[in-house]
Amino acid sequence: MSGAGDLTGGSSDYYKVVILRPTSGAHSYTVECNDIIEAFNMEYDVANVFKAAWRIAALRAGRGKPQSTEIYDGEKVVFFGNRIIERAR
């Protein structure tokens with residue numbers, strides 16, 4: 001599944017997930033990766049790690065980004081993770 005934003009940077013289905021049974025007991029809702037990134041004011045490198053982990057999970061659930069692989073996104077996690085470590089030193 002992919003959305004209209006695949007090449008434009010807009011919203012894409014693989015960056016959305018429906019929460020059917022929220023821990024809080026609230027009604028189900030749809031959350032989008034970018035909304036979480038913005039809510040936490042994530043730095044560029046942190047956001048890229050988060051997005052890569054999200055894509056890996058979506059891929060394993062059969063809803064991954066077209067042409068994405070766990071190796072590609074795993075390498076992104078390592079690359080941006082190293083940037084986070086360097087910034088923290």
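- The shortest side-chain heavy-atom distance between Ser28 and Arg21 does not fall under the 4.5 Å cut-off.
- More than 12 heavy atoms of other shown residues, nucleotides or ligands fall within 6.0 angstrom of atom CZ in Arg87.
- Val49 has its side chain within reach of Ile84: a pair of non-hydrogen atoms, C-beta onward, lies under 4.5 Å apart.
- For the side-chain contact (heavy atoms from CB on, under 4.5 Å) test with Asp73, the passing option among Ile56, Val78, Leu59 is Ile56; the others fail.
- In terms of modelled atom types and a separation under 3.5 Å, the side chain of Trp54 and the main chain of Tyr14 share a donor-acceptor contact.
- The distance from the CD atom of Glu75 to the OG1 atom of Thr69 is 7.5 Å, given to the nearest 0.5 Å.
- The structure places CD1 of Ile36 at 4.0 Å from CZ of Phe50, a figure rounded to the nearest 0.5 Å.
- The structure places CE of Met42 at 9.5 Å from CG of Asn34, a figure rounded to the nearest 0.5 Å.
- One finds no salt bridge joining Glu70 and Arg55 here, because no Lys/Arg side-chain nitrogen approaches an Asp/Glu carboxylate oxygen to under 4.0 Å.
- A donor-acceptor pair under 3.5 Å is absent between the side-chain atoms of Arg63 and the main chain of Ala57, judged by distance alone.
- The shortest side-chain heavy-atom distance between Leu20 and Val18 falls under the 4.5 Å cut-off.
- Remark: Asp35 CG to Lys16 NZ distance equals 9.5 Å, nearest 0.5 Å.
- Contacts classified as ring pair (Phe, Tyr, Trp, His ring centres under 6.0 Å) and involving residues 70-89 (residues at least two apart or in different chains) are given here: Tyr44-Phe80.
- Closest of all the heavy-atom pairs between Ala52 and Val77 is CB-CG2, 3.7 Å.
- Salt-bridge check for Arg83 with Glu86: failed, with every basic side-chain N at 4.0 Å or more from each acidic carboxylate O.
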